[in-house]
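Quick notes on the structure that follows.
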Amino acid sequence: MRILFMGTPDIAAESLAALLDAGHEVCGVFTRRDKPVGRKQILTAPPVKQLAVEHGLSVYQPRTLRDGSSDELIKELAPDIIVVVAYGCIIPPQLLHTAKYGCINLHVSLLPKYRGSAPIQWAVLNGDEGTGVTIMQLDEGLDTGDILMVEPVTIDPEETSGELFDRVSAVGAGTLVTALEKIEAGELTPRKQDNAAATMAPPLTKDMAQFDFTQDAAHIHNWVRGMNPWPVAWFAQDGKRIKVLESRLAENLQHAAPGTVLALKPLTIAAENGAVALLTVTPEGGKPMAGTAWAAGRRLKAGDSL
């Protein structure tokens, strides 16, 4: 199939690679503009552009599609279908039906659950046991298009958002290839979403990452997993942020008050309905270390309160 691909980050690059490996003809690639990266602010191409250049594909980086400046170009490229994966730009109405099969999108949740920009993170934050990928027909709404194909993915109770993202990206790329085969063969029947069941997955923020030990232990553990790798869950201690990279659920057999140090190896803190073992932490201005080492540096002992 002749494909016009639109995408920007790593997950999009993985999907583009899968399409190329499957033998599809990619007539062009639209991606976001290069951005300064790192402390030295080195101008860096997005992952999709890097992959496209390696394969000798034509790359286009318009600031926006809304102004219509790319409409004629897209018509000249004459794609059979437009495939969108985490592009980062709104696809305007006039482009939704330019191609024979329209525009399809890979979304990393089981729509209509978790519409928005952070579906994987919110699935972990909410302690869900599973998520998945959805191939949908794009329409003018936000993740509201008809569902063409879904593929469920289980979530391990200790899995972080970053780890889940890597797995879901691979599943999504494979599902996208299968969906294209079925679309061309006329084997997929669009299914309307149940808008009444829709939930949103807004972007994460640094302030949102804060937790405290008066909260439910399971909530804290899910917060640690869901905020990893960014922005990283944290709690306040003596006016400073202590980030927590890894945790495990534990029991509060002593029925101690939330915030009480129950054990040092591993560092285990009482919370509501249980306790949380802080396996890896990063003190403000410091480097990641074992929770036990941080506690030793603070001269904490069992019975102390955080």
Side-chain angles (χ1 to χ4, degrees), residues 7-12 32-33 35-39 41 44 46-47 64 85-90 105-128 131 133 141-144 155 157-169 172 198-247 249 258-259 269 271-272 276 278-288 291 294 306:
T8 300
D10 290 326
I11 184 174
R32 298 301 297 272
R33 294 185 172 184
K35 289 185 176 181
V37 174
R39 292 184 178 179
Q41 293 291 281
T44 304
T64 180
V85 183
Y87 178 29
C89 283
I90 298 296
N105 173 249
L106 166 63
H107 186 76
V108 286
S109 80
L110 296 178
L111 291 170
K113 193 171 187 180
Y114 298 133
R115 293 174 177 173
S117 60
I120 290 177
Q121 293 94 322
W122 280 104
V124 177
L125 290 169
N126 289 333
D128 293 355
T131 183
V133 300
L142 174 63
D143 300 329
T144 57
I155 302 176
E158 310 299 345
E159 195 166 23
T160 67
S161 288
E163 293 165 342
L164 179 59
F165 188 88
D166 290 342
R167 289 203 300 118
V168 170
S169 295
T199 58
M200 299 304 296
L204 305 186
T205 66
K206 290 183 178 180
D207 288 339
M208 191 185 295
Q210 184 178 12
F211 69 87
D212 65 71
F213 295 103
T214 64
Q215 294 171 319
D216 188 85
H219 167 85
I220 295 171
H221 179 54
N222 292 336
W223 227 241
V224 171
R225 298 189 301 126
M227 294 289 174
N228 185 336
W230 193 92
V232 184
W234 59 275
F235 66 93
Q237 174 69 11
D238 295 334
K240 295 184 178 181
R241 295 187 179 190
I242 311 301
K243 295 182 178 181
V244 183
L245 298 171
E246 186 181 8
S247 67
L249 285 174
I269 311 298
E272 189 69 26
V276 183
L278 310 182
L279 302 186
T280 307
V281 304
T282 302
E284 188 170 317
K287 296 181 179 180
W294 176 76
L306 293 183

Original post:
So how far is it from Gln121 CD to Met227 CE, rounded to the nearest 0.5 Å?
Top reply: 8.5 Å
**OP:** Applying side chain to side chain contact (heavy atoms under 4.5 Å, CB included) between Val108 and each of Leu164, Val133, Thr131, report the one that passes.
**Re:** Val133
**OP:** Just do the side-chain contact (heavy atoms from CB on, under 4.5 Å) check on Phe165 and Thr160 with the steps written out, would you?
**Re:** CA-CA 8 Å; Phe165 188 88; Thr160 67; over 6 Å; no
Subject >> Donor-acceptor contact below 3.5 Å, side chain Trp223 vs main chain Met208 >> reply: yes
**OP:** Check Ile155 against Ala123 and note the closest heavy-atom contact, atom names and distance.
**Re:** CD1-CB, 4.0 Å
Subject >> Non-hydrogen atoms of Pro288 and Thr280 that approach each other most closely >> reply: CB-CG2, 4.3 Å
**OP:** Assess whether salt bridge (charged side-chain N to carboxylate O under 4.0 Å, His left out) is satisfied between Asp207 and Arg241, documenting all intermediate values.
**Re:** CA-CA 11 Å; Asp207 288 339; Arg241 295 187 179 190; 3.3 Å; yes
Original post:
Is the closest side-chain donor-acceptor distance between Asp212 and Thr214 under 3.5 Å?
Top reply: yes
Subject >> Distance in Å, Ser247 OG paired with Leu279 CG, rounded so as to fall on 0.5 Å steps >> reply: 6.5 Å
Original post:
What's the spacing between Thr144 OG1 and Arg115 CZ if we round to 0.5 Å?
Top reply: 6.0 Å
Subject >> From CA spacing to verdict: side-chain contact (heavy atoms from CB on, under 4.5 Å), Asp128, Tyr114 >> reply: CA-CA 12 Å; Asp128 293 355; Tyr114 298 133; 2.8 Å; yes
Original post:
Passes side-chain contact (heavy atoms from CB on, under 4.5 Å), Trp230 versus Lys206? Steps please.
Top reply: CA-CA 8 Å; Trp230 193 92; Lys206 290 183 178 180; 4.0 Å; yes
Subject >> Minimum heavy-atom distance Val244-Val224, with the two atoms named >> reply: O-CG1, 3.5 Å
Subject >> Nearest non-hydrogen partners of Pro283 and Trp294, listed with the distance >> reply: CG-CD1, 3.6 Å
Original post:
Which atoms form the tightest heavy-atom contact between Glu159 and Val124, and what is the distance?
Top reply: O-CG1, 3.8 Å
**OP:** Find the distance between CD (Glu163) and CZ (Arg225) and round it off to the nearest 0.5 Å.
**Re:** 9.5 Å
**OP:** Let me see the working for Leu125 and Asn222 under side-chain contact (heavy atoms from CB on, under 4.5 Å), right down to the final yes or no.
**Re:** CA-CA 5 Å; Leu125 290 169; Asn222 292 336; 5.6 Å; no
Subject >> From Ile242 atom CD1 to Glu284 atom CD, the distance as rounded to the nearest 0.5 Å >> reply: 7.0 Å
Original post:
Do the rings of Phe235 and Phe211 sit parallel, tilted or perpendicular, given the 30° and 60° boundaries?
Top reply: tilted
Original post:
So, for Ile120 and Ser161, which heavy atoms are closest and what is the spacing to 0.1 Å?
Top reply: CG2-O, 3.8 Å
**OP:** State whether the side chain of Trp122 and the backbone N or O of Met200 hold a donor-acceptor pair below 3.5 Å, judged by distance alone.
**Re:** no
Original post:
Crowded around Leu142 CG? As in, over 12 foreign heavy atoms under 6.0 Å?
Top reply: yes
**OP:** Would you give the length of the straight line joining atom CD of Glu158 to atom CG of Leu249, rounded to the nearest 0.5 angstrom?
**Re:** 7.0 Å
